[in-house]
**Q** 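Mind looking over this structure? Questions follow.
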Amino acid sequence: MDKTFSIIKPDATKRNLTGAINKIIEDNGLRIIAQKRIKLTKEKAEGFYSIHSDKSFFGELIEYMTSEPVIVQVLEGVNAVESYRNIMGATNPENANIGTIRKEFALNIQENSVHGSDSKENADIEIKYFFNNDEIVG
Ligand code: CMP
C-alpha cells in the first residue's frame, strides 16, 4: 500500500462533480484517507506549481487554479501513484482513454479536472504541502 496526492480542480468543483469523481476513485480501488475543500491563494498555487514557472501557460494556470475552490486529497492503495494516473487519464483529455476521469469530465488541457502526483517522491512532497500528519488518519 502507498499514497498519492490528488486535487479535484476548479472546473470540476464549479460543475458540482466532486462526488462523481470520488465515486470513480473509490470504484477503482483507491481509498480517500484525507480530504479538504480549500481556496488556493496565489502564493500557495505558485509554490505548488513552481516546477512549471518557466512555462508559457504558468500565469493562466495560476489564475485558473485560484478561480474556484479545489478539493485536496490523499489517496491510498496498491501502487497508488500509478493507479491514480491510470484512473485520471492523459493530461490532454483528447488523448485520454475511455472510462478515465479526464475523458469523462475534462474540458481541455488546462481545465483537466484533476491532478495526481507523478512519482512517490513527489507524492510525499505534495501531501506535506497541504496536510499535517494528524489530518491523515487512514
Ligand atoms: P497537472 O497534472 O496538474 O500539472 C500541470 C498542469 O498545467 C496540468 O495538469 C494542466 O492543468 C496544466 N497544463 C499542462 N499543459 C498545459 C498546456 N499546454 N496549456 C495549458 N495548461 C497546461
Side-chain angles (χ1 to χ4, degrees):
M1 286 288 201
D2 48 28
K3 297 181 180 65
T4 192
F5 174 74
S6 160
I7 304 178
I8 300 179
K9 295 184 177 183
D11 70 273
T13 61
K14 192 176 180 178
R15 290 178 289 151
N16 215 16
L17 294 172
T18 300
I21 289 173
N22 279 348
K23 178 160 171 42
I24 295 175
I25 290 171
E26 293 183 338
D27 285 350
N28 281 276
L30 290 169
R31 294 180 70 83
I32 302 162
I33 61 166
Q35 172 170 263
K36 54 191 173 188
R37 181 176 169 99
I38 58 172
K39 186 109 188 311
L40 289 176
T41 61
K42 188 168 180 283
E43 293 68 33
K44 192 88 177 170
E46 284 175 347
F48 182 73
Y49 279 125
S50 61
I51 194 169
H52 296 301
S53 61
D54 59 346
K55 306 265 170 60
S56 59
F57 58 80
F58 185 66
E60 251 181 47
L61 175 61
I62 300 306
E63 208 167 296
Y64 157 62
M65 289 300 293
T66 55
S67 64
E68 296 280 339
V70 298
I71 313 293
V72 290
Q73 305 176 307
V74 182
L75 310 181
E76 186 180 67
V78 177
N79 295 324
V81 169
E82 195 190 342
S83 168
Y84 191 44
R85 292 187 76 76
N86 289 334
I87 295 164
M88 288 193 300
T91 303
N92 186 345
E94 284 178 18
N95 303 327
N97 291 331
I98 289 170
T100 61
I101 294 169
R102 285 169 170 161
K103 184 68 178 182
E104 186 128 339
F105 298 123
L107 300 175
N108 52 58
I109 193 169
Q110 177 178 266
E111 297 172 294
N112 61 357
S113 301
V114 281
H115 164 85
S117 308
D118 62 5
S119 66
K120 271 190 180 192
E121 295 69 33
N122 282 339
D124 288 344
I125 292 167
E126 293 176 356
I127 289 168
K128 285 200 181 79
Y129 193 71
F130 285 100
F131 290 93
N132 297 320
N133 274 342
D134 63 2
E135 292 177 303
I136 304 168
V137 294

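All ligand and atom numbering here is 1-based and tracks the order in the structure. Values reported hereafter were calculated over all heavy atoms of this structure, with side chains retained and with hydrogens, waters and symmetry mates removed. Start at 1 with the first residue, then count along the sequence.
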**Q** Please state which protein non-hydrogen atom is closest to atom 17 (C) of ligand 1 and give its distance, to 0.1 Å?
**A** F57 CD2, 3.5 Å

**Q** Should you measure from each heavy atom of R102, which atoms of ligand 1 turn up under 4.0 Å away?
**A** 2 (O)

**Q** Students should be able to answer this: which protein heavy-atom is nearest to atom 12 (C) of ligand 1, and at what distance?
**A** L61 CD1, 3.8 Å

**Q** Between F5 and F130, what is the ring plane arrangement, given parallel below 30°, perpendicular above 60°, and tilted in between?
**A**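 It falls in the parallel class, under 30°.
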
**Q** Which of these passes side chain to side chain donor-acceptor pair (under 3.5 Å) with S6: E126, H115, Q73?
**A** Q73

**Q** For E94, I'd like to know if atom CD has over 12 heavy atoms of other residues, nucleotides or ligands within 6.0 Å.
**A** no

**Q** Mind checking whether T91 has an N or O less than 3.5 Å away from an N or O of ligand 1?
**A**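 So ligand 1 has no N or O lying under 3.5 Å from an N or O of T91.
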
**Q** Tell me which protein heavy atom sits closest to atom 10 (C) of ligand 1, plus the residue, atom name and distance to 0.1 Å.
**A**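 That would be I109 O, 3.3 Å.
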
**Q** Mind listing the closest non-hydrogen atom pair of P69 and K39 along with its distance?
**A**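 Minimum heavy-atom separation between P69 and K39: N-CD, 3.9 Å.
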
**Q** Looking only at heavy atoms of R85, does any of them come nearer than 4.0 Å to an atom of ligand 1?
**A**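 Contact check R85 vs ligand 1: negative.
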
**Q** Would you mind telling me if ligand 1 is within reach of the side chain of E60, the backbone, both or neither, using heavy atoms under 4.0 Å?
**A**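 Contact part for E60 vs ligand 1: neither.
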
**Q** Of all the non-hydrogen atoms in the protein, which one sits nearest to atom 21 (N) of ligand 1, and at what distance?
**A** Q110 CB, 3.5 Å

**Q** Do other residues, nucleotides or ligands put more than 12 heavy atoms under 6.0 Å from N133 CG?
**A**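 Atom CG in N133 is not crowded, with 12 or fewer foreign heavy atoms closer than 6.0 Å.
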
**Q** Side chain to side chain donor-acceptor pair (under 3.5 Å), that's the test. Do N112 and K9 meet it? Break it down for me.
**A** CA-CA 8 Å; N112 61 357; K9 295 184 177 183; 2.7 Å; yes

**Q** What do you reckon, is CG of N16 surrounded by more than 12 foreign heavy atoms closer than 6.0 Å?
**A**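 For N16, atom CG is not crowded (no more than 12 foreign heavy atoms under 6.0 Å).
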
**Q** Identify, for atom 9 (O) of ligand 1, the protein heavy atom at the shortest distance, and state residue, atom and that distance.
**A**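 Protein heavy atom with the smallest distance to atom 9 (O) of ligand 1: K9 NZ, 2.9 Å.
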
**Q** Starting from atom 4 (O) of ligand 1, which protein heavy atom do you reach first, and at what distance in Å?
**A** Y49 CE2, 3.7 Å

